[in-house]
Every structure is written in structure tokens, then in C-alpha cells.
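Let me begin by presenting the structure, written as C-alpha cells, before commenting on it.
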Amino acid sequence: MKELPKIYEPQKVEDEIYARWEQSGCFNPDNIDSKEAYCNILPPPNANGELHIGHASGYTVMDIFGRYARMNGKKTLLLPGKDHAGIQTQVVFEKKIQAELGLSRQEIGREDFYKKTYDFCIDRANYMRSQEKKIGISADWSREKFTLDPDVLKTALETFVKMHEDGLIYKGKRIINWCPRCGTALSDVEVLHKETPGKLYFIKYPLENSTEFITVATTRPETMLGDTAVAVNPKDKHYSKLVGKNIVLPLQNTIIPIIADKRIDLSFGTGAVKITPSHDPLDWEIGKDHKLAEIQIIDEKALITDLGGKYAGLTTHEAREEILKDLEKLNLLEKIEEMTHSVSICERCKTIIEPLTSNQWFVNVNAENYSLKKEAIKSIESGMIEIFPSNFKKILADWFGNLHDWCISRQIWWGPQFPVWYCNDSQLTTHNSQPKCSEPIVSIEKIDSCPHCGGAVVQDENTLDTWFTSSQWPYTTLKSNGKDFETFFSSDMMIMGRDLLFFWSSRMIMMSLYTTKKVPFKNLFFTGLVLDKDGHKFSKSRGNGIDPLTVIDKFGADALRMSLIMDSAPGQNSRLYEEKIETFRNFANKLWNISRYCLSQENFKLVEDISEEDINSEADRWIAESLNELIGKTNQLFESKQISVAADLLKTFTWNSFADGYIEAQKIEKNEKMLGYVLDKLLKLWHPFIPFVTEHIWTLAGEKELLMISKWPAHKENKQTKTSSYFPFVLSLNKTIRNVRKEKNIESTKKIELWIETTSELSKKVLLDNADFIKKSAGISVIKFNKTLIGGFIQRVVGECVIKIPLDGLVDVEKEKTKAEKEIVNLEKFIAGSTARLSNKDFVSKAPAEVISQQKETLERKQAELAELKKHLASL
RNA sequence: GGGUGAUUAGCUCAGUUGGCUAGAGCACUUCUCUUACAAAGAAGGGGUCACUGGUUCGAGUCCAGUAUCACCCACCA
């Protein structure tokens, strides 16, 4: 066998390994013959940038489960894709063309802008795909989809048509969130709320035909131009006499009523509220109930409209200044208070949102014939979808409960245009000879002329909300490829950042139940945010980003994968930093060197299974049994989705048990077959986590088939496990001797004698069986049993043995005394507690037998130890 | 205003049906380049598991409350 380098260099092998996986065709489930299917739909990243560490985190988890399923013989599909990401991509691309060409999208024109953005996305998608491969995702690239692929989009638009027919999609004038910078309506989830210091203005509104005033408080005085009422709480005694009277609205000089509405908070401000139905969500509700007029005084560019009289054309900010000045002149500004309040801002560009009434398309989430939200709640509460961590279940259900209609029309250019046409005629004339011409024509096919009058038609200019298409992603992607939908839907697991809880997971659930009557996924798994070392979010402005490719280049993909999934529970944030990644790079190297050792053994090969005859020593039995136990636990942990705990367990076994324990013992008493068996199982168990290094070692060991499709290790259930505590006893004996050497500063080259007193024949046998190993690893010249030792010696107790190490002249009696005394106190404390517990009737009657016997066993051992110690102390 | 999560060794975090003289990695102390590995090996120090009560034979783990921090939701004008 050729000499392998001491250091594992992932950079040199990872690309080649990935290429072999791809060429094998095993990423494609069509090439796997199995009745049982498994499918993870990978969350499609926005095709407008590059992969960041958050993507890598989710992908790693998905790939781990995918590889686990594949090795368990399931027809496994990991379906990759990319999202066109409407508003976000438009913002990104507009900036790009502005910077590179000095052009605005208006200067380019809608059609051309769309084409250019499309090309940009495809370019980014190609780059991002190469990043995804670097991470080692075992996805079927032949099935990769983009949200704007014709087949995917067609399926999504068919849903639109169906929902429209069912009355779940309607167009109407409602108050919406308007982003003046993006120039579009936004849904509620796309609006953020930010605590902002501001001012509360108290304005006096004169009563009609009176010298009295009613004072209202507002943070946005400019909206008074659109006031159509003043409202007070019906219970508010201060104002009860005024309800029904009128007010002369200052500056506008219109007459508006004072109304009573229970939604008004008595304790806030003066208890009297100006009502501006066109520019405030609550006011809009109140206005509707009281049939108030709506006067839109702010337009879609955040400028005052003509209805704003002399303020028309001003920005809202300018108008506010002017209005305050004018009110002051009229002596109507009573006072100004400082306050902090919550301001709505655009999720994408952070511009302040202007609420305004607008004609938009909505999804009715609670229609009489089909309630999207109620069905979703049902699916969650009935457990059709299992959610990790489980407390997110309640959060989701509550969110659905409070859900309002979903605004799905955007006034942007990037994204699918509404499949809706209008008869030109109907827009021009209000009196139409054909009444049907006034109704929108909804169709996924392009419409050339009005089906009723044959006249010209125009397509609805609106663009669909990105989440309308991505909410159908598991359905549309599988639907567009042969029988995939029948085979794989519902998908098995969906993994996403918790920030997508409301944006995406919720909508996928609603839409899937509506279109397919099935849940989109059986398990929903949330990852927390990946933060930097100081717990900050990664962001461009902070400049603390970690590029996955840089990390992979430096430490390898396996190290990155491990550092992303370890040390974090589902849904919990985790921190990522170089030192952490380094430790996993070190682990990959450890596994590499373990394998190097194994491969260097004569006649070494990986072994699928062993029999009783292959177990020759205590060490063999111990490692075989521990391994079997490990396999059982790992499988359980995979089933309960606790992969980070599983990886931790594997790591402890690999490093501590196998490398430090078994391999060292095996050097004395060779058993290549056992080495081959354990390594075979370890490579398999590790493969989902660290696919590259394991596959590489597998190949070096001479295996022809890929590790990726090897059979997952099975736990041997029926096998009666014999007690495997003998070898750990040998290990702890070694440890104790080394400890003594260390304490006494005995050079490692100096051999010492080991005298043992024991009444246990079994212990004696084990020690004799492992004498060579003990001698070598603890530097012992000779082991003597039950001899009387004369002269100075150090005494320790290990298990049922009293061990004595003759050390003439090196024994510090006082030091040994203190040490023994300290240990005695410790033991007595433990024994007292343990004895009390065992003599407690309730404990004995209620605790499980296993716990009791274990307790007894430990107590006896400790008591024996104590007795020896006392004896020893007396002799000092 | 409502909700969720966190609080365990100097730091970052595990700890899933309650059985723990509480674990890992990093950092620290002391040895060792011993023929798989110094990206390593060996030995060691370090914690009344935020606080207060409760349930229980037994609580880091379950319940109630308190404190601090973080995040999310909400139509406080």
C-alpha cells in the first residue's frame, strides 16, 4: 500500500469525489430500485446573489437526512431549485444596472427589463449551483427547477385560476401597505415595525357653530387633510354630549361628524381620535362600519394629492411642517409631546410605509366555502405535520388564527404577470352594451380578444407576490416531472430558517392543503440563525460575513458541515467562527489518521460482518458491543431528528473508545478483522455528516461501490449482550497508574512494578489476559499478585483490586495522607447519600429495579474502596 | 400590550419520556515529537446547572413565580 500523507487535504479530493457521485447517477431516485420513497424539497434560494452561511446550514441538515434515507435503501430525492424573488431581485438588479449602465428600469422598459433580469437570475443560479455542489448536497440536478420555469409557473397559475373560480381570490379596494420607494403594495408580513422616537401633536378641532373645541392627538398631523370624522369611546363621559355633533375640520374647512366607537382607547392622548379612513388601517375599519367617506390625500409617491388643497404636491414631511405652522397661526396647536411609537417600514428597503387605500388583488384566507386558515390550523393541531422544535406549532397555529386577507398583487415588473385580461371597452365606457365585458377574464392562456364582444384586451399589469408561487413549490416542482407527484408527495421533510416561519412555511401549508388536500411535508424543521462569534447577525453592512466557499477552501466541506450542525438544538441560534470550524477539521484529520493506521495493517480490509469466532479478547468484545450499542442509539437519534446529539455520540466513540482505547490495545493483540469491522461501520455512520472524507477513505480501502449507497448499519437486537465492563476496567487501571507516574514525576522510560491484591478471580484473569497491554501502555515491568510488599509504596483502588506501586524514597507520607483523607471524606459523603437512598422504603418500592441494582452495585464498590483506603491510611 | 426562547466550567454550547457524585470543544496547568495522528498523545484544575417556592423516593430536566438578556407578533392614533 502506498504511503498516505499524515495530513488529510480535503481540497485535493472533494471535487473529484463529488464528480464521482454525480456520474454514478445515484442522486437521481429513478436509478434506485425501492418501493419506499423519500423526498426533501430543498428551499430554493433567491437567484440574485450567492449562497451564504444560512443556506449552507439548512442544506447540510437536509443532506444529512437525505443521505441517511438513501443508505437505508429508500428511493431518495433531494429536489433543488431557485426562486426568482420578486421585489428583492428587482431591488438588487435595479441597483446593478444603475451602477453599471446608469439606467433606471423605466428607461429600459418593462419587457426588456424583464429579459435582462431573467438572464441575471440564470447567471446567478448557475453560480449558486456550483456552491451547492461544493457543500456536498446529494441533490438530483436533473430535476432542478426555477420558479419561473414554464411548467412550474403554469401549475402555479392554474391554482390562481382555480382559486379565482372558487372565490378565494378577489380584487378590491382596501387599505394596504404601500412602499413609496418600491412603488408597490406589500402584504402584512413584508412590513416590519420599528420603535421610533416621535412626537404626539395635540390639535384643537373647533365644534360647528360653537366656540368650543375637541382636542385630538396624532403622530401624523398631515393626515388630517383626509379626516372624515372624530371618534370617541362610547363609554367616555367627557365626550358623551358631543357624539352626533359636527366639527369644522381646520385647514380643509369641511364639516365632519363626531362618532362613537368602542375600538377607541379612552386612556390614550385625549381619548378623541381623528379618523382618516384612507391612510390608517384601524381608521379604515371604523370608516367602513360608520360609512365614512374616504379621501385619499397621499398618493403612491408619498406626495399630497390634489384633495389636499394648498398642500398638494408636497411630500408628507413638507406638508407636516406647513400644516403645523398654519395650525400654530390659527392657534389650534395645543401642545406637542415626545413619545416613541412603532413605525411601519418596508422589509426590503426600510422605507416608511404609507398605508393607503388601493385597488389590489387578495387571497381570501377565510372564505365561507373553503377556509385556508382553518384547514391549516387543523393540519397542525391534528399532527399531520410534525414540527421541530415543537413549540413552533403553537406559534404557527396562533398566527393562522389572526391572519387577514393576503394581498398578492405587486406593482413591480419582475415576476409573473397576473393571468388576467380586461376588455378594453370596459375600461373606456361605464355603460357597456355587454355587461360581461366589465368582468376580468382569468386565464392561463394568453387572451387576444374579448370573448364577449371580440374587442381588444389588455393584461392586468400587476405582478404576483413571490410567495404566491413559492408557497406552491413542493407541489409545482413535483407536478412538473412525470409521476414524481404521485411518488413523492407529501414530501418528508422541510427545513428552513425560523425567519421564514410566516412567510413561507405557513403559506405552503395553506396552499398545499387547498390544491392537493395533502400537507406539503410531513416534518417541518426549523434552524436558528447562524450568528458570528459575538452573537451578531451576518450582514453586509457589518462586514462580518463568512463565505462558505472560503471556509471550504480552508477547512474542507466536511468541517463546515459539522460546525453548522453541532452545538445547536433545533430552532436555536448558533455561532460560527474559525476556531470552531478548525476543531472539526481536526476531527476529519483524526478519522483520516485512524484509517491510515488501519490501512497500514497487513491483510487489512473493510469487513461487513463478524461472528463470535472473531472476538479474541476483552478489548474485542468491548469494542464490538460498544459499537452495536452506538448503532442502536444513532438510529434512534436519527428517527427523533436529533442529529447533532448523534454526531456527538459518534465523535466520542470514534475518538475516545476506538482510537484511544481499542486501537492502542489492538497494537498488542492484533485483530485486523475487528479493525475492519469497526471502521466499516464508522465510515457508514459518519457518511451523512462528513460525506467527502468518509467516501475517500472507503475508496482507499479498496471498495469498488460507493459508500454513498452502501447499506446503513443495523443494530443487532436479539444478541444477548454479555457484560462488557472488563476492558473499561483495564483502561481505568492504566489511567490510575499513569496518574501515579505523573504525580511522582516518574520518567516515562522508567519501568515500575505493579503489585495487586484482589480476591476476585475474574479481575485477576482479566488482568492476566491483558497483561501485555497494561505493561506497555503504563510502563510496567512486572505484575505480581497478592504478595506482601515491604518498603514505601503508593496505593490506589481500582474496581475490586488494590494496586500498589513500590516507590522507595519517592513516597511523601504526609501528601499521601492528605490525599487519602480527602478521598475518604468524598467517599463517605457518597456512601451516606447512597445508603440513605437505599434504606428509603419509597425509593426501594418506587424506583425501577435497574436503578436500584445499579445503586447497590456502586455502593458496594465504594464501600470496599473506602475500607481499603482506611486500611492504607492507618498503615502510613 | 401579547408571545417565545435563553440563563449549566473563563468562553461557545450539549444534556427528549425526571435516576448525574453534571458533559463536550476551546482556553488553562504539567509532561511527551513513543513506529496512525503535535491539526496529536498522556495526566490535571475548573460548575451549590440565574433566583425563590412547589410536585416527587429522586429535579439541570416537570410546575408556579421573580430577575436579566434576546427575538417575534400587534390596528397604542
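Protein chains get the first letters and strands the later ones, always in sequence-line order, with residue 1 at the start of each. Quick caveat: nothing in here was measured; it's all calculated off a predicted structure.
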Q: For each nucleotide in nucleotides 68-73 of chain B, reading 5' to 3', give B when a protein heavy atom comes within less than 4.0 Å of its base, S when such contact involves only the sugar-phosphate, and - otherwise.
A: ----SS

Q: Kindly confirm or rule out a cation-pi arrangement of A:Lys335 over A:Phe202, judged by NZ or CZ under 6.0 Å from the six-membered ring centre and within 45° of its axis?
A: yes

Q. Between A:Lys633 and A:Phe653, is NZ or CZ placed under 6.0 angstrom from the six-membered ring centre and within 45° of the ring axis?
A. no

(Q) Is there a side-chain contact between A:Trp655 and the phosphate of B:rC37, meaning an N or O under 4.0 Å from OP1 or OP2? (A) no

(Q) Need one value for A:Phe587: base, sugar-phosphate or nothing, where a base atom within 4.0 Å counts as base even if backbone is also close, heavy atoms only. (A) nothing

Q. What nucleic acid atoms does A:Lys829 come within less than 4.0 Å of, heavy atoms only: base, sugar-phosphate, or nothing?
A. nothing

Q.
Does A:Asn391 reach a base, just sugar-phosphate, or nothing at all? Heavy atoms under 4.0 Å.
A. sugar-phosphate

Q: Write down the partner of B:rA14 under the Watson-Crick or G-U wobble criteria, each distance required to be under 3.5 Å.
A: none

Q: Using a 4.0 Å heavy-atom cut-off across all strands, classify A:Gln572 as base, sugar-phosphate, or nothing.
A: sugar-phosphate

Q) Distance check: side-chain N/O of A:Asn739 vs OP1/OP2 of B:rG44, anything under 4.0 Å? A) yes

Q.
So A:Asp660, base contact, sugar-phosphate only, or nothing? Heavy-atom distance under 4.0 Å.
A. sugar-phosphate

Q) Quick one: CG on A:Leu599 to CZ on A:Arg596, what's the gap to the nearest 0.5 Å? A) 10.0 Å

(Q) Under the side chain to side chain contact (heavy atoms under 4.5 Å, CB included) test against A:Tyr8, which residue among A:Asn586, A:Val693, A:Leu591, A:Ile697 passes? (A) A:Val693

**Q.** Under 3.5 Å donor-acceptor pair, A:Glu664 side-chain atoms to B:rA42 base atoms
**A.** no

Q.
Taking pairing as Watson-Crick or G-U wobble with both contacts under 3.5 Å, can you name the mate of B:rG5, or confirm there isn't one?
A. B:rC69

Q.
Rounded to whole Å, how long is the line connecting atom CZ of A:Arg575 with atom C1' of B:rG25?
A. 15 Å

Q.
If you compare every side-chain N and O of A:Arg585 against the phosphate oxygens of B:rA39 (OP1, OP2), does one of them come in below 4.0 Å?
A. no

(Q) Just to be sure I understand the rule, does A:Lys6 reach a base, reach only the sugar-phosphate, or reach nothing, if contact means heavy atoms closer than 4.0 Å? (A) sugar-phosphate

Q. Is A:Thr583 touching bases, backbone alone, or none of the nucleic acid, heavy atoms closer than 4.0 Å?
A. sugar-phosphate

Q) What distance, rounded to whole Å, do you find between the two C1' atoms, one in B:rG45 and one in B:rG60? A) 23 Å

Q) Taking the six-membered ring where the residue is Trp, are the ring centres of A:Trp399 and A:Phe392 under 6.0 Å apart? A) no

Q. Within the structure shown, what part of the strands sits under 4.0 Å from A:Ala659 by heavy-atom distance: base, sugar-phosphate, or nothing?
A. base

Q) When rounded to the nearest 0.5 angstrom, what distance separates CG in A:Leu682 from SG in A:Cys598? A) 9.0 Å

(Q) Side-chain N or O of A:Arg263 versus OP1/OP2 of B:rC75: is the shortest distance under 4.0 Å? (A) no

Q.
Return the OG to CZ distance between A:Ser845 and A:Phe843, rounded to the nearest 0.5 Å.
A. 10.0 Å

Q. Under 4.0 Å between a side-chain N/O of A:Lys667 and OP1 or OP2 of B:rA36, yes or no?
A. yes

Q) Using a cut-off of 4.0 Å on non-hydrogen atoms, how would the nucleic acid contact of A:Pro848 be classed: base, sugar-phosphate, or nothing? A) base

Q | Short side-chain N/O contact to B:rU30 OP1/OP2 from A:Lys742, under 4.0 Å | A | no

Q.
Students often get this wrong, so: under 4.0 angstrom with heavy atoms, is A:Gln636 touching a base, only sugar-phosphate, or nothing?
A. nothing

Q. Heavy atoms under 4.0 Å, any strand shown: does A:Lys862 hit a base, just sugar-phosphate, or nothing?
A. base

**Q.** A:Phe268 ring over B:rC76 six-membered base ring, under 5.5 Å and 30°
**A.** no

